[in-house]
Amino acid sequence: MHDIRLLRDQMDHLREGMRRRGKLDELGPLLDRAEALEKDRRDAIRAAEEMQAQRNRISQEVAQLRRAGENADALMAEGRTVGEQIASLEARRQAVEAEMQDILLQLPNLTLDEVPAGGEEANDVVRTWGTARASDGTVVPHWEVGERLGVFDLARGAKISGSGFIVYRGLGARLVRALMNFMVDVHVDEHGYEELWVPLLVNRATMTGTGQLPKFEDDMYAVANDDLFLIPTAEVPVTNLYRDEILEPGELPRGFVAFSACFRREAGSAGKDTRGLLRVHEFDKVELVRYATPENSRAELELLTSHAETMLQRLELPYRVLRLAAGDTGFSSAMTYDLEVFAPGVGKWLEVSSCSVFTDFQARRANIRYRAAAGEKPRFVHTLNGSALAFSRIIAALLEQHQMPDGSIAVPKALQPYLGRDTLR
RNA sequence: GGCGCGGUGGCAGAGUGGUUGAAUGCACCGGUCUUGAAAACCGGCGGACCCGAAAGGGUCUCGUGAGUUCGAAUCUCACCCGCGCCGCCA
């Protein structure tokens, strides 16, 4: 959510931001409407507050008269009239603010200047690591080799829950545990993150704090009886950890790592990448979240991204880093790097991490602030998050990239202690 | 799920309709004193918003939302959260 003040003094900036995302045609009229509403809003506030001040004066005079034992009927009648006027001014103000809020919630974050304008075609590859195996038909897709090795059971997952729900079994189930322990250990022991284990069901306020609600309610699994939602990513509970709080001087930057299951309805996604592990309704993920100062948040994005990249290097999975163009950058993000690993069996680059800086866009919504020094005014923190990493696609990539000619899988060195062997066969 | 009690400023804790945004203590910030520190003393000390170049003025905020009233931290209703006991339970 943007600062309302931008509507007063930075309309050009807002308009330019929407244009770079390719959304000016869609959102330009909303900006115009919001600009007009902002004037109405302030007029309504001023009018209502003047009346409230008058009511307060009347009440005090009534109190004085009564204390002196005099009659205050005339003043009380005047107060009643003023009260009625206040009620109608307040109603007008609420209507204006509701419409304004509605518009503000629809405006995406402004991207940083270095983010190129345009859509997906304007993404750049900023670096690559390792040499991906050629997709020459010698590598069997992960769903075939995975079923053959018995590491997962897609049919039974579909039976007990539906398509897009995976049963991992045997070494596959152990691989999930191994990945979880490996990744969390590295982030805690080497990168200094605090480990969290968080609820998977969260309330409406939490979902609104990180921006999933109100716009994306249909993409969420919900528990209607209790008005709770299954999290689409641990970003949601973790970023909300300090919602409506003020951090004290010296507490920034802070980093949190959490393993969690992630639930995605993705109602419109049927038909694309439906086979295997590439697009599923429930998957596991290790998520990194950072709180930073505005001065450091840009540098923190590089740090966070490097932490995610470390995981891929240790898993010996060749990858590339994309800087997303404005139009491909998520709603709340100011700048995003995607990490993609190559899966030679399916011949695709798979997005396994998305590292973003949200500037103060999420913090304003979730009301997370900090004090730079004792006695100073609180300011909004900058939030960042990135996956490090998303399991199902990593498992797909491992099964393809490390596939041996005999169909067995070479386990990367870093994972061997966690898995207790060097080969899956 | 049932019954009971309770939610006030960073914390503790007064306050049951009228100059209460809120006593008091602690914490915190500035100062005096001191070689320095502590103690003591003096002063300051929540947040959001509106008007204003500023100085300053105003509004809202005592869990949340509605209501009663000229006036609500104080009264009414609903909801949320916490604590205690009982029931159920991995």
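This structure is a prediction, so every number in the text was calculated from the model and none was measured. So that the names make sense, note that chain A is the first sequence line, chain B the second, and so on, each numbered from 1.
B:C5 and B:G82 make up a base pair, with Watson-Crick or G-U wobble contacts both under 3.5 Å. In this structure B:A38 sits in no base pair that meets the Watson-Crick or G-U test at under 3.5 Å. With both pairing distances under 3.5 Å, B:C60 is matched to B:G47 as a Watson-Crick or G-U wobble pair. The partner of B:A14, taking Watson-Crick or G-U wobble pairs whose two distances both stay under 3.5 Å, does not exist in any strand shown. Remark: B:U19 base-pairs with no nucleotide; criterion is Watson-Crick or G-U wobble with both hydrogen-bond distances under 3.5 Å. Of the nucleotides present, none pairs with B:G52 by Watson-Crick or G-U wobble criteria with both distances under 3.5 Å. Partner assigned to B:G67 is B:C75, using Watson-Crick or G-U wobble distances below 3.5 angstrom. Base pairing analysis places B:A27 opposite nothing; no Watson-Crick or G-U wobble pair with both distances below 3.5 Å involves it.
Residue A:R379 is classed as having no contact, given no heavy-atom separation below 4.0 Å to the nucleic acid.
In this structure, A:M100 places its CE atom 10 Å from P of B:C50, rounding to the nearest Å. Atom CD1 in A:I246 sits roughly 7 Å away from atom P in B:G47 (whole-Å rounding). With rounding to whole Å, A:E78 atom CD is found 13 Å from B:G71 atom P. As a whole-Å value, the separation of A:M1 CE from B:A48 C1' is 13 Å. Counting to the nearest Å, the C1' atom of B:C81 and the CG atom of A:D244 are 14 Å from each other. One interatomic measurement links the two molecules: CZ of A:R5 to C1' of B:C51, which rounds to 15 Å at whole-angstrom precision. As rounded to whole Å, 11 Å separates atom C1' of B:C49 from atom CD of A:E38. Protein atom CG of A:N367 is 10 Å distant from nucleotide atom C1' of B:G47, rounded to whole Å.
No more than 12 heavy-atom neighbours from other residues, nucleotides or ligands sit within 6.0 angstrom of CZ on A:R169. Counting heavy atoms of neighbouring residues, nucleotides and ligands inside a 6.0 Å radius, atom CD of A:E120 does not exceed 12 of them.
For B:G71 and B:U61, the P atoms lie 13 Å apart once the distance is rounded to whole Å. Atom name P, nucleotides B:C42 and B:G25: the rounded distance is 11 Å, in whole Å. If you take atom C1' in B:A27 and the same atom in B:C79, they sit 34 Å apart, rounded to whole Å. Rounded to a whole angstrom, the distance from the P atom of B:C75 to that of B:G17 is 8 Å. With both ends at atom P, the span from B:G43 to B:C26 equals 14 Å, rounded to whole Å. Across the C1' atoms, B:C60 and B:U76 are found 23 Å apart, a figure rounded to whole Å. Look at the C1' atom in both B:A14 and B:G67: the space between them is 28 Å, to the nearest Å. Spacing between B:A48 and B:G21 at atom C1', rounded to whole Å, works out to 14 Å.
For A:R42, whose side chain is taken as the heavy atoms from C-beta onward, the closest listed nucleotide among B:C51, B:C49, B:G47 is B:C51.
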Task: A:H2 vs A:F361, ring pair (Phe, Tyr, Trp, His ring centres under 6.0 Å): CA-CA, chis, key distance, verdict - done: CA-CA 6 Å; A:H2 293 289; A:F361 195 82; 5.2 Å; yes

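Under a cutoff of 6.0 Å and an axis angle of 45°, A:R254 and A:Y370 do not form a cation-pi pair.
Under the 6.0 Å cut-off for aromatic ring centres, A:F283 and A:F165 do not qualify, their centroids lying 6.0 Å or more apart.
Applying the side-chain hydrogen bond (donor to acceptor under 3.5 Å, both in side chains) definition to pairs two or more places apart or across chains, those involving residues 27-37 of chain A are A:R15-A:D32, A:R33-A:E99.
Nearest heavy atom pair, residue A:S392 against residue A:V280, reads OG-CG2, 4.0 Å.
The salt bridge (charged side-chain N to carboxylate O under 4.0 Å, His left out) check on A:D227 picks up A:R204, with sequence neighbours excluded. Remark: A:H382 engages no residue in a ring-ring contact (aromatic ring centres under 6.0 Å, His included) (not counting sequence neighbours). When the side chain to side chain contact (heavy atoms under 4.5 Å, CB included) test is applied to A:A34, the partners found at least two apart in sequence or on another chain are A:L7, A:M100, A:I103.
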Got a list of protein N/O to nucleotides 6-10 of chain B N/O distances below 3.5 Å?
none

Task: nucleotides 54-70 of chain B: protein proximity per nucleotide (B base, S sugar-phosphate only, - neither; heavy atom, under 4.0 Å) - done: ----BBS---------B

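A:L419 places a side-chain heavy atom less than 4.5 Å from the side chain of A:R174.
Residues A:R41 and A:R369 both approach RNA chain B. Their nearest nucleotides, taken by heavy-atom distance, put A:R369 toward the 5′ side.
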